[in-house]
Colleague: 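Got a structure for you, questions after.
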Amino acid sequence: MRYGYFDVANREYVIERPDVPVSWTNYIGVKDLGAVLSHNAGGYAFYQSAEHHRITRFRQNGVPLDRPGHYVYVRDDDTGEYWSLSWQPVGKSLAQASYHCRHGLSYSKFSCDTRGIQGEQLIFIPIEEDVELWDVRLRNTSGRPRQLSVFSYVEFSFHHINIDNQNLQMSLYASGASCADSIIEYDFFYEPWSFHYLAASFQPDSFDCRRDSFLGPYRTETDPLAVERGECFNSAELGGNHCGALHKRLTVMPGEERRLTFMLGVGPRQTGQAMRAKYSDPAQVDADFAALKEFWRKKYSVFQCHTPHPGLDAMINTWNLYQAETNVVWSRFASFIEVGGRTGLGYRDTSQDVLSVPHTNPAKCKQRLMELLHGQVQQGYGLHLFDPEVFKPQADQLPGVKLPTVVPTPSPADIIHGLEHTCSDDALWIVASVGEYVKETAEIEFLDQQIPFADGGTASVYEHLRRAIDFSTAQVGPHGVCKGLRADWNDCLNLGGGESAMVSFLHHWALLNFIEIARRLGRTADVEACTARAAQIRQVCEEQLWDGQWYLRGFTRRGLKIGSAENEEGKIFLESNSLAVLSEAATPEHGRQCMDAVDRHLFSPYGLHLVWPSFSRPDDDIGYITRVYPGIKENGAIFSHPNPWAIVAECKLGRGDRAMKFHDALLPYAQNDQIEIREAEPYVYCQFIMGRDHTAHGRARHPWLTGSAGWMYHAVTHWMLGIRPGFDGLTIDPCIPGQWPGFEVVRQWLGATYLIKVTNPRLAQHGVKAQRLNGQLVTGPIPPQPVGTVNTVEVEMA
Ligand code: NOJ
C-alpha cells in the first residue's frame, strides 16, 4: 500500500493520502530556529534548543500523534463550513476534499482543494532571519465570489520544556499574551527579555491570545469555537495557556488568488513589526524561498550521482544527504521521539554523524568536532552526553536577575563523569571524522589547533586524538580485548568488567585513521608505534575472538563468551563482524567467512538483524539487552545504524552484489509501496525495524535522528560508488553490482569539479583497470585540480 511518491525532479516527497499510519515528519530551518512538522502541519518550533527554548507546544505521544501544530483554517462565511489547509486538525472527509503535503528540503507545503477553493500553506524559515513564514494562498475556482475567513493557530509553549510539562504552577502564571498593533506577543513575566510573537501581513478582523477562548470548552483543534462561529473573541490574559490566532475576512473573486503571510518568531513585538514590514511584500517571501532553494542546490551539487538504481539516486542526491545534514545540525534533540529531553551531543552519535557531510557542511562539522573535543577529558574518554553550551559564557542572562523559572545549568565540573559512566567506544569514532574533515577541506592546520579538555588543560587536535587511542590501549581486559565499560556502541550491552570485541575492532580502525594523519604530518615515530600497536590488536583479535565461523561479540565479566556459536541465544552479532572487516583487523579469509555468516543468519528483506537469536531471558552479566522484548531495538531488531558498516565491509571484500543486497534491504525508498508493513516515512532511515522475532516484523520506528543516515551516505558515496577524498588526491574505487554497466558522478572538491564517468564493460564488482583525468592516464589518486576547473575523469573497471 502506498501513500505518496518521490517527486525526484523537485526533490520533494508528495503525500497524496494524508491518512498515513504514523506522522511523517520534516525539518524546517537550517540555523537557530527550527521546527519539526508532520504531513498534517502538526509539531513544534524551537530556537536553538528544543529543551531550553521551545516556541510552540507539542503533546508528545498524544492522540492523535501530532497535535497541536502550525495550522491555517479556512471558513466559508456564506455556509459556515470550515476546513484546515492541512488535512488535520479538522480532518475533513477525503471524499469531500483532496489534500497533498509536499515535504521538501527545509520546507513543507500543505494544499487542500475543496468547495471550489484551492488553498496552500508553504512553511519555511528564511536563511537569514529567525522567523517561520507561512505563505498562504487561496484561489477561487468556483466561478462565483466567495466570502472567506482565514485563521492562524499556534499554541505557545513556556520556553523550558520541563517547566512547561511538569511545573504548571510556574509555567501557567509566568507567561502572558496580548495583541497590539495586530501582533500577538507572548511574554515571560519574570524574564522581561524573552518573547515569542505571531504577526501577519494584514490587519486582523479579530484575534485570540487565550487558547481556551479560541478552542472553546470541551473542544479541540478539530472544531475550534472561534472558527465555527466565524470570529475570534479578542481574548488576552496574563497567565494561562496562550495561542496565536489571527483572523482575516476576505472576498475572493472568481479566478482570483489571494496571498497572506503569517510570521512566527522569537523576540518582542518590535521584532514582529520588523518582520511584518519585511515579509508583507510577497516578493520578499519569494526571494527568501528562492534563497533557501539555492542554499540546498549548492549543497547537493557537491555530490550528484546518476546510476542504474533510481532509489539509490533519489536517496543519495537528496534525501539521505538531507537526513545526514539534519543529524549534524540537530543531533538527537528534536523530533517526535526526542521531544526536548536530550539536548546536547551524544559523544559517539555526533562523532559519527560528522563523518558524513564535511563536503556539504564543513563549518557545522568543524564546530561539532571542536565541541566534542572540548567534551573529552585528559584521560582520553569522551563525556557520554553533554551540552557544549556548558563550556560557553552564559551571554544572555541578565546580571543580578534571579530567575525562579530557571533550571540550574550544571557547571563544567559537574558534568565530568568517571569511568563507571564511560562508554568504551565514545571517543574512538572522532579519529576518523577528524581525518575525513581534513581530507575534505585540506585544512591541515586544524590538527594543530589548541582545544581545551573538559577537565582542564589544552592540547592540539592531534593530541586529543592520541589520547582517545591511548585510553583504549590502557582499558583492556584479561584477554587483551578492550573493556566493555558502561556500554560500547550498543547501549544495552553492559559488560562492565567484561570485554568488547567491537571496541577492539574500532580501536584498530581508529589507529589506521590516526596513522594516516600522523604520516601526513610526518610524525614517523607515531606512525611506527601505532603500526606496531595495530599489529598487536590484530593478533589478539585472531587469537581471542575468532569463533570458527565468525568473530565473538565479547566476554562477560565472568569470562563467558557472547556472540559464539556455543551460545543458545545471541550467537552472532552484526556490530563485531562488520567492524572486524571494516576496520581491516580481520584476515581476508575470516573476513569473508564472517560476512557470509552475517548474510546467512542476520539477513532479512528489511535489513540485517543486530543479533540472532534474540535473548529471551534476563542476564545482567550481558546487560539490559536481555531485558528488551525479542525483535525490538538492540535485542534482535534490524538496527539500522550498523547495516551500512556491513555494506562497507562487503565493499572492502570487493563483493558489490552483496553490498547492494544489504543496501536494498534497508532502503526506505524500496518500501514506498509497503507502508502497511513499514508504517514510517519511506524517505528517511529509521533507527530500527522490528525483527523477525517480533509480531510486527518490518515495522520501522524512530525516523530521522539516527546514525544510520550518515553512515549509509558514507557507505554509498565512499565505498559503493567509491569516491574518497584523501590526503594525496581523490580515490575512485567503486564496488558495485556485477550487472551495472557503469555510473556517473559529479563531485566538487577543493573548489574544482570532477565529472566522473565509470564504465564497467566486463561487469566487474570491484577493481579499476585504468583511469584518465582530462584524457591523460593517471595511476593512484587523482591529484587536486586548480580551483574553478571542470575536469573529466573516466574510470574503467575490470
Ligand atoms: C541509540 C543511541 O543514540 C546510540 O548512541 C547507540 O549507539 C544506539 N542506540 C545503539 O544502542
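Both ligands and their constituent atoms are indexed starting at 1 by order of listing. Numbers here are sequence positions counted from 1.
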Colleague: Run the salt-bridge test on Lys483 and Glu499 with the 4.0 Å N-O cut-off and return the result as yes or no.
Modeller: no

Colleague: Would you call Asp353 and Arg368 a salt bridge, taking side-chain N to carboxylate O under 4.0 Å as the test?
Modeller: no

Colleague: With atom 6 (C) of ligand 1 as the reference point, say which of Trp429, Trp489, Tyr347 has the nearest heavy atom.
Modeller: Trp489

Colleague: Show me which atoms of ligand 1 lie under 4.0 Å from any heavy atom of Phe639.
Modeller: 8 (C), 9 (N), 10 (C)

Colleague: Report the member of Arg348, His384, Glu634, Lys633 with the shortest heavy-atom distance to atom 10 (C) of ligand 1.
Modeller: Glu634

Colleague: Tell me whether the centres of the aromatic rings in Phe391 and His374 are closer together than 6.0 Å.
Modeller: yes

Colleague: When you measure from atom 4 (C) of ligand 1 to every protein heavy atom, which one gives the shortest distance, and what is it?
Modeller: Asp349 OD1, 3.2 Å

Colleague: Could Arg466 and Phe514 be counted as a cation-pi pair, given that NZ or CZ must be under 6.0 Å from the ring centre and within 45° of the axis?
Modeller: no

Colleague: Quick check, are the ring centers of Phe555 and His479 under 6.0 angstrom apart?
Modeller: yes

Colleague: Relative to the heavy atoms of Asn490, which atoms of ligand 1 are at a distance of less than 4.0 Å?
Modeller: 11 (O)

Colleague: What part of Asp491 sits under 4.0 Å from ligand 1 if we count only heavy atoms: the side chain, the backbone, both or neither?
Modeller: both

